[in-house]
Visitor: 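Questions regarding the structure given below will be posed in turn.
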Amino acid sequence: MRIRIVDAFTDRPFSGNPAGVLLLNDADAFPDDSRLQDIALEVNHAETAFAHPLPEGGEADWALRWFTPATEVAMCGHATLATAHVLHTTGAHEGPVRFATRSGVLVATPAADGSITLDFPTAPLSRIDTPDGLAEALGAEPLTVLDTGPYIGDLLVEIADEKSVHGLSPDLKALAASARGVIATARAEDPARGYDFVSRCFFPHVGIDEDPVTGSAHTALAPFWSERLGRPDLTGLQASARSGRVRTELRGDRTLLSGRAVVVIEGELLA
């Protein structure tokens, strides 16, 4: 079984968000969940993606699941981008690929320039009161807090400005007790730098202290900032240490996420 480490939402190795990708030969089923979880823990990146081909003629081409080192998740953008990149660059699949996932059928479409566009459901945002202890755990006073709905399940938290997002140093243990995850965001200080908003994502509750570049979070960031800025097409900068940019296009109940990916490690799973 071939295993690859792919940096997603970047065109440079050692940046963006790394994901493990394993393409399985069995067209009927995944291995036991315990084995998938063991492999994800061994890979020890934010997510490891497992995919196997489906019979022709169905609504999807490949089945796809994502595991953090601690648990399975319902949606992951960067590991989907990484999987699509591997499928296209190895010749395992040509053209748009339809993935059957816990979040429905997700489509990844390659472009001539090497980028890939993901078609994901737009997160249904609903404003909520600031949970007790959130401001103290995050280390910043929220301006707005929104629930992101069932597929993401995190809190979208607007804070004062871009400088405050860069400077966040949350109490991760306290943050894990406040929410499954927190997407902290602010408007870009200078859009001339090539991005419209900035974010950082913290998911200690599922074993990820800070995710480098979170595609799924942008299905919530896109509608939030598109309403604020009055445009459907935006670019987000995720300001982690590795950093990465996600191009977004809001299309009602669907959000398009575009980026590139680079394979940095390829090997064989022996266990």
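Remember, it's a predicted structure, so these values are computed and weren't measured experimentally.
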Visitor: Would you kindly say whether Thr80 and Trp66 are connected by a side-chain donor-acceptor distance under 3.5 Å?
Guide: yes
Visitor: Just do the side chain to side chain contact (heavy atoms under 4.5 Å, CB included) check on Leu168 and Phe202 with the steps written out, would you?
Guide: CA-CA 10 Å; Leu168 289 173; Phe202 305 98; 4.0 Å; yes
Visitor: Which pair of heavy atoms, one from Pro150 and one from Pro124, lies closest together, and at what distance?
Guide: CD-CG, 4.2 Å
Visitor: Would you call Glu210 and Arg200 a salt bridge, using N to O less than 4.0 angstrom?
Guide: yes
Visitor: Using 4.0 Å as the upper bound for N to carboxylate O, is an ion pair formed by Arg65 and Asp33?
Guide: yes
Visitor: Could you grab the distance from atom CG of Asp161 to atom CZ of Arg187, nearest 0.5 Å is fine?
Guide: 12.0 Å
Visitor: Once you round to the nearest 0.5 Å, how far does CG of Leu125 lie from CG of Leu221?
Guide: 9.0 Å
Visitor: Would the distance check show the side chain of Arg242 and the main-chain N or O of Gly16 forming a donor-acceptor pair, the cut-off being under 3.5 Å?
Guide: yes
Visitor: Looking at Ser15 and Arg12, would you say the former's side chain and the latter's main chain have a donor-acceptor pair under 3.5 Å?
Guide: yes
Visitor: Can Val213 and His78 be said to form a side chain to side chain contact (heavy atoms under 4.5 Å, CB included), step by step?
Guide: CA-CA 7 Å; Val213 189; His78 84 278; 5.7 Å; no
Visitor: So which atom in Ala222 and which in Leu234 form the shortest heavy-atom distance, rounded to 0.1 Å?
Guide: O-CD1, 4.3 Å
Visitor: Going from CG on Asn17 to CZ on Phe9, what distance comes out if it is rounded to the nearest 0.5 angstrom?
Guide: 8.5 Å
Visitor: Calculate, to the nearest 0.5 Å, the distance between atoms OG1 and CG belonging to Thr255 and Leu250 respectively.
Guide: 5.0 Å
Visitor: So, the side chain of Gln238 versus the backbone of Thr214: is there a donor-acceptor pair under 3.5 Å, distance only?
Guide: yes
Visitor: List the atom of Ile152, the atom of Ser216, and the distance in Å for their closest heavy-atom pair.
Guide: CD1-O, 3.2 Å
Visitor: Can you find a pair of side-chain heavy atoms, one from Val263 and one from His85, that are under 4.5 Å apart?
Guide: yes
Visitor: Side-chain contact, heavy-atom cut-off 4.5 Å: Thr83 with Leu23?
Guide: yes
Visitor: Quick check against the 3.5 Å criterion: does Asp253 have a side-chain atom that pairs as donor or acceptor with the backbone of Thr122?
Guide: no
Visitor: Would Val246 and Val182 show up in the same hydrophobic cluster when neighbours are defined by side-chain heavy atoms closer than 4.5 Å?
Guide: no
Visitor: If you take all heavy atoms of Ser199 and Val165, which pair is closest and at what distance?
Guide: C-CG1, 4.0 Å
Visitor: Any ion pair linking Arg2 and Glu266 (charged N to carboxylate O, less than 4.0 Å)?
Guide: yes
Visitor: Is a donor from one side chain sitting under 3.5 angstrom from an acceptor on the other, for Trp225 and Thr185?
Guide: yes
Visitor: Looking just at side-chain N and O atoms, do Asp113 and Ser115 make a donor-acceptor pair shorter than 3.5 Å?
Guide: yes
Visitor: Are the side chain of Asp7 and the backbone of Phe14 linked by a donor-acceptor contact shorter than 3.5 Å?
Guide: yes
Visitor: Membership question, hydrophobic clusters at under 4.5 Å side-chain separation (ILVMFWY): are Leu155 and Phe203 in the same one?
Guide: no
Visitor: Side chain to side chain contact (heavy atoms under 4.5 Å, CB included), that's the test. Do Glu42 and Leu269 meet it? Break it down for me.
Guide: CA-CA 11 Å; Glu42 187 75 10; Leu269 182 66; over 6 Å; no
Visitor: For Ser243 and Ser240, which heavy atoms make the closest approach, and how far apart are they?
Guide: N-OG, 3.0 Å
Visitor: For the CG atom on Asp132, are there more than 12 heavy atoms of other groups (residues, nucleotides or ligands in this structure) within a distance under 6.0 Å?
Guide: no
Visitor: Same cluster for Ile159 and Leu237 if Ile/Leu/Val/Met/Phe/Trp/Tyr side chains link at under 4.5 Å?
Guide: yes
Visitor: Are side-chain heavy atoms of Leu81 and Ser258 found at a separation under 4.5 Å?
Guide: no
Visitor: Examine distances only and state if a side-chain atom of His205 and a backbone atom of Ala177 form a donor-acceptor pair shorter than 3.5 Å.
Guide: no
Visitor: Quick check: is Phe50 connected to Leu118 through a chain of hydrophobic side chains (ILVMFWY, heavy atoms under 4.5 Å apart)?
Guide: no
Visitor: Distance-only, no hydrogens or angles: does the Arg4 side chain make a donor-acceptor pair with backbone N or O of Ala82 under 3.5 Å?
Guide: no
Visitor: Spell out, as yes or no, whether a donor-acceptor pair under 3.5 Å connects the side chain of Gln37 to the backbone of Pro69.
Guide: yes
Visitor: With clusters defined by side-chain heavy atoms of hydrophobic residues (ILVMFWY) lying less than 4.5 Å apart, directly or transitively, does Leu64 cluster with Leu257?
Guide: yes
Visitor: Nearest heavy-atom pair of Ala135 and Glu141: which atoms, and what distance?
Guide: CB-OE1, 3.7 Å
Visitor: Between His218 and Phe197, how do the two ring planes meet: parallel, tilted or perpendicular, split at 30° and 60°?
Guide: tilted
Visitor: Can you tell me how far the CD atom of Glu249 sits from the CZ atom of Arg251, to the nearest 0.5 Å?
Guide: 4.0 Å
Visitor: Mind checking whether Asp190 and Glu162 have side chains closer than 4.5 Å, heavy atoms only?
Guide: no
Visitor: Verify, without hydrogens or angle tests, whether Ser103 (side chain) and Ala74 (backbone) share a donor-acceptor contact under 3.5 angstrom.
Guide: yes
Visitor: Verify side chain to side chain contact (heavy atoms under 4.5 Å, CB included) between Ile5 and Val43, making sure each step is shown before the conclusion.
Guide: CA-CA 9 Å; Ile5 304 300; Val43 172; 3.9 Å; yes
Visitor: Do Pro31 and Leu24 touch side chain to side chain, with heavy atoms closer than 4.5 Å?
Guide: yes
Visitor: Working to the nearest 0.5 Å, report the span between CG of Leu256 and CG of Asp233.
Guide: 9.0 Å
Visitor: Would you indicate whether the side-chain heavy atoms of Phe224 and Ile183 approach each other to under 4.5 Å?
Guide: no
